[in-house]
Amino acid sequence: MQKKLLVISEINLNNENRGIEILNRTFASLSRQYSITAISVGKQPLFMHENWLKLNDTIFNKVHHIKYIGYLANYFFWAYCYLKTKIFVASNKPKFDIMYLIGPMSAFIGKNINYDNIPVINRYLGVAWDYEGYQSIPQRIRFFLKKQGYKSSQGTIIMTNDGTRGAEFLKKMGIFNKIYFMRNGITKEIAVDLGYVKHLREIYGIKHDQTVLLTVSRLASWKRVDRAICLLKELLKANDKYILMIVGDGEERDHLISLANELNCLGNIRFIGAVENKLTPNYFYLADIFLSFYDYSNAGNPLFEAMLLGKCICTLSNGDTGDFISNNEALLFTEFEQKKIAIEISRVLSDPDLLHGYGVRARSRAESDFISWDERILREMEILSSLIGAK
């Protein structure tokens, strides 16, 4: 008889965002062996055809970024999600073999509805929270619920090793469950469509004598795309032949456009918006230098893809980023100093062999160190099978 899996996610599973890619790939594989019931925000998950309950987050998304109002709304949102999930599970009386809980809110909900004490996997995609900064009153209010969620973690935890030191973070929280600290997989054979690259140059008006800088991320505050815009402004002081391509969308888009206007460099920026994963290699191929200046860590899938495509990378060595790439393979800086970084980028661009060498070494590192998606998903399948087998 097919085993039953309950998925509860506070993350929208119906998109191709790189941070969600591992989940979509995992559940697509799991759906071949397990009967899945999913409860999540956003649209119906890509891997689901039935047995899905929607948690409506429309109102919350409109106010969550507003200071204090957003904090208060978060309390109401958690209460709504908990009650709706509890009523659904109680009324449908499904008997599950395992729960897969994505995010701290889901961990809180799962703990409070797990009356039969079934095996649980708590799934975290890294940490976007500075634990040391939690001591201020505003931070305590903002992250109180998240803290309760993490502390609700039951059984096994799978934490993405994205350089944000997630395992260390959980231990600081006093959580000593069984933790699998796992890197994402990568697609080692990446296809580039040279015709499409030429099309991109044409539609975005990029000349061959211009230097293309690239960022690829959701436009969230902690991704710090504003730093790339400030760096562009610094570079333009010496040379006006720079173009910054910003791939991704999110709540910070309007703020970033305003910043570019204020710095008088909007004409040298191309806001691309969200792009399908299968098309992003073309943007990497077009770029001369890939930029990533996140607050907590820069060791995410965009960095790995840039490495695989042999790009010269300029990033911050924060979190555990240095475990994934070294000074020999990228332009690494301990902190964001735009003048210092601009000088170094100009130096590297003036020497084509030096520029090319960084890309070659980055690609070699990625090919030797990183596992494929199939290997990564197989490891997670083995974890689930062992938990159900031990039930």
For atom CZ of F181, is the number of surrounding heavy atoms from other residues, nucleotides or ligands below 6.0 Å larger than 12? yes
Mind checking whether M245 and I289 sit in one hydrophobic cluster, side chains of I, L, V, M, F, W, Y counted as touching below 4.5 Å? no
For S31 versus Q2, what's the shortest heavy-atom pair and its separation? O-NE2, 4.3 Å
Given side chains that start at C-beta, do those of F96 and V7 come closer than 4.5 Å, heavy atoms only? no
Side-chain heavy atoms nearer than 4.5 Å, only ILVMFWY residues, links allowed to pass through others: does that put L378 and M182 together? no
Between L13 and P45, the two heavy atoms sitting closest are CB-CB, 4.0 Å
Sub-3.5 Å donor-acceptor pair from the side chain of K54 to the main-chain atoms of G42, do we have one? yes
Pairwise side-chain contact, I345 with L291, heavy-atom cut-off 4.5 Å (strictly under): yes
Can you tell me if NZ on K237 sees more than 12 non-hydrogen neighbours from other groups inside 6.0 Å? yes
D323 bridged to R183 by N-O distance under 4.0 Å: no
Any donor and acceptor pair, going by atom type alone, linking the side chain of N112 with main-chain N or O of Y82 inside 3.5 Å? no
Does Y71 reach the side chain of L145, with side-chain heavy atoms less than 4.5 Å apart? no
Check whether more than 12 heavy atoms from other residues, nucleotides or ligands sit under 6.0 Å from atom OH of Y285, and answer yes or no. no
Is there a donor in the side chain of R123 and an acceptor in the side chain of T160, or the other way round, less than 3.5 Å apart? yes
Determine, stepwise, if the pair D249 / R218 fulfils side-chain contact (heavy atoms from CB on, under 4.5 Å). CA-CA 5 Å; D249 207 349; R218 183 168 59 86; over 6 Å; no
To the closest 0.5 Å, what do you measure between OG (S346) and CG (L235)? 5.5 Å
Can you check whether K84 reaches L53 side chain to side chain, under 4.5 Å on heavy atoms? yes
Classify the angle between the aromatic ring planes of F304 and F370 as parallel (below 30°), tilted (30 to 60°) or perpendicular (above 60°). tilted
Salt bridge D226-R224, side-chain N to carboxylate O under 4.0 Å: yes
If you take all heavy atoms of E10 and G103, which pair is closest and at what distance? OE1-C, 3.1 Å
N282 side-chain N/O to Y196 backbone N/O, donor-acceptor pair under 3.5 Å: no
Please answer whether the main-chain N or O of K241 pairs with a side-chain N or O of D209 as donor and acceptor at a distance below 3.5 Å. no
Test of understanding: clusters of I, L, V, M, F, W, Y form through side-chain heavy atoms closer than 4.5 Å, transitively. Do F333 and L349 belong to the same one? yes
Sidechain N-carboxylate O distance under 4.0 Å for E344, R347: yes
Taking atom CG of L194 and atom CG of L286, what is their separation to the nearest 0.5 Å? 11.0 Å
Mind checking the CZ-CE spacing from F169 to M159? Nearest 0.5 Å is all I need. 7.0 Å
Could you tell me which non-hydrogen atom of Q154 sits nearest to which non-hydrogen atom of N177, and how far apart they are? C-ND2, 3.6 Å
Minimum side-chain heavy-atom gap N277-N301 below 4.5 Å: no
Counting N and O atoms only, with roles assigned by atom type, does the side chain of S326 sit under 3.5 Å from a partner on the main chain of G322, one being a donor and the other an acceptor? no
With no hydrogens and no angle check, do the side chains of E380 and Y100 hold a donor and an acceptor under 3.5 Å apart? yes
Whether S106 side chain and I102 backbone form a donor-acceptor pair below 3.5 Å: yes
Shared ILVMFWY cluster between F336 and L331, side chains joined below 4.5 angstrom? yes
Determine, using the 4.5 Å side-chain heavy-atom cutoff (strictly less than), whether I269 and L219 are members of one ILVMFWY cluster. yes
Would you check, one step at a time, whether the test ring pair (Phe, Tyr, Trp, His ring centres under 6.0 Å) holds for Y80 with F60? CA-CA 11 Å; Y80 153 75; F60 175 71; over 10 Å; no
Value rounded to 0.5 Å, distance of NZ in K198 from CD1 in I206: 15.0 Å
Under 3.5 Å donor-acceptor, N56 side chain and T58 backbone: yes
For a 4.5 angstrom cut-off between non-hydrogen side-chain atoms, does Y294 reach L316? no
Would you say R376's side chain and N184's backbone share a donor-acceptor pair under 3.5 angstrom? no
Report yes if the side chains of I229 and C265 come closer than 4.5 Å at any heavy-atom pair, otherwise no. yes
Can I257 and F271 be said to form a side-chain contact (heavy atoms from CB on, under 4.5 Å), step by step? CA-CA 8 Å; I257 291 174; F271 282 90; 3.7 Å; yes
Counting only heavy atoms not in D351, do more than 12 fall under 6.0 Å of its CG? yes
Below 30° counts as parallel, above 60° as perpendicular, anything between as tilted: where do the rings of Y75 and F144 land? parallel
Within a strict 4.5 Å, meaning less than it, do heavy atoms of the L101 and V120 side chains meet? yes
Geometric class of the F108/W78 ring pair [parallel <30°, tilted 30-60°, perpendicular >60°]: tilted
Around atom NZ of K151, are there more than 12 heavy atoms from other residues, nucleotides or ligands closer than 6.0 Å? yes
Give a yes or no answer on whether the side chain of D288 reaches the backbone of V212 with a donor-acceptor pair at less than 3.5 Å. yes
Cation-pi, Y180 ring and K178 (6.0 angstrom, 45 degrees): yes
Do you know which two heavy atoms are closest between V41 and I11, and how far apart they sit? CG2-C, 3.6 Å
With a 4.0 Å cut-off, would you call R227 and E337 a salt bridge? no
Considering all heavy atoms of both residues, which atom of E329 and which atom of R365 are nearest to each other, and what is their separation? OE1-NH1, 2.9 Å
Audit row: S9, I39, side-chain contact (heavy atoms from CB on, under 4.5 Å) steps and yes/no: CA-CA 6 Å; S9 176; I39 301 172; over 6 Å; no
Does a donor on one side chain and an acceptor on the other come within less than 3.5 Å for E375 and S372? yes
Would you check if there is a donor-acceptor pair between the side chains of N298 and S292 at a distance under 3.5 Å? yes
Kindly check if the number of other-residue, nucleotide or ligand heavy atoms within 6.0 Å of CD1 (I59) is above 12? no
T85 (side chain) donor-acceptor with C81 (main chain) under 3.5 angstrom: yes
Interatomic spacing from CG in L232 to OG1 in T215 - rounded to 0.5 Å: 10.5 Å
Begin with the C-alpha distance, continue with both residues' side-chain angles, and end with the deciding distance and a verdict on side-chain contact (heavy atoms from CB on, under 4.5 Å) for L332 and I325. CA-CA 9 Å; L332 289 184; I325 194 166; 4.1 Å; yes
Pairing residues for Y358 by the ring pair (Phe, Tyr, Trp, His ring centres under 6.0 Å) criterion, not counting sequence neighbours: none
Euclidean distance, R32 CZ relative to F27 CZ, rounded to 0.5 Å: 13.5 Å
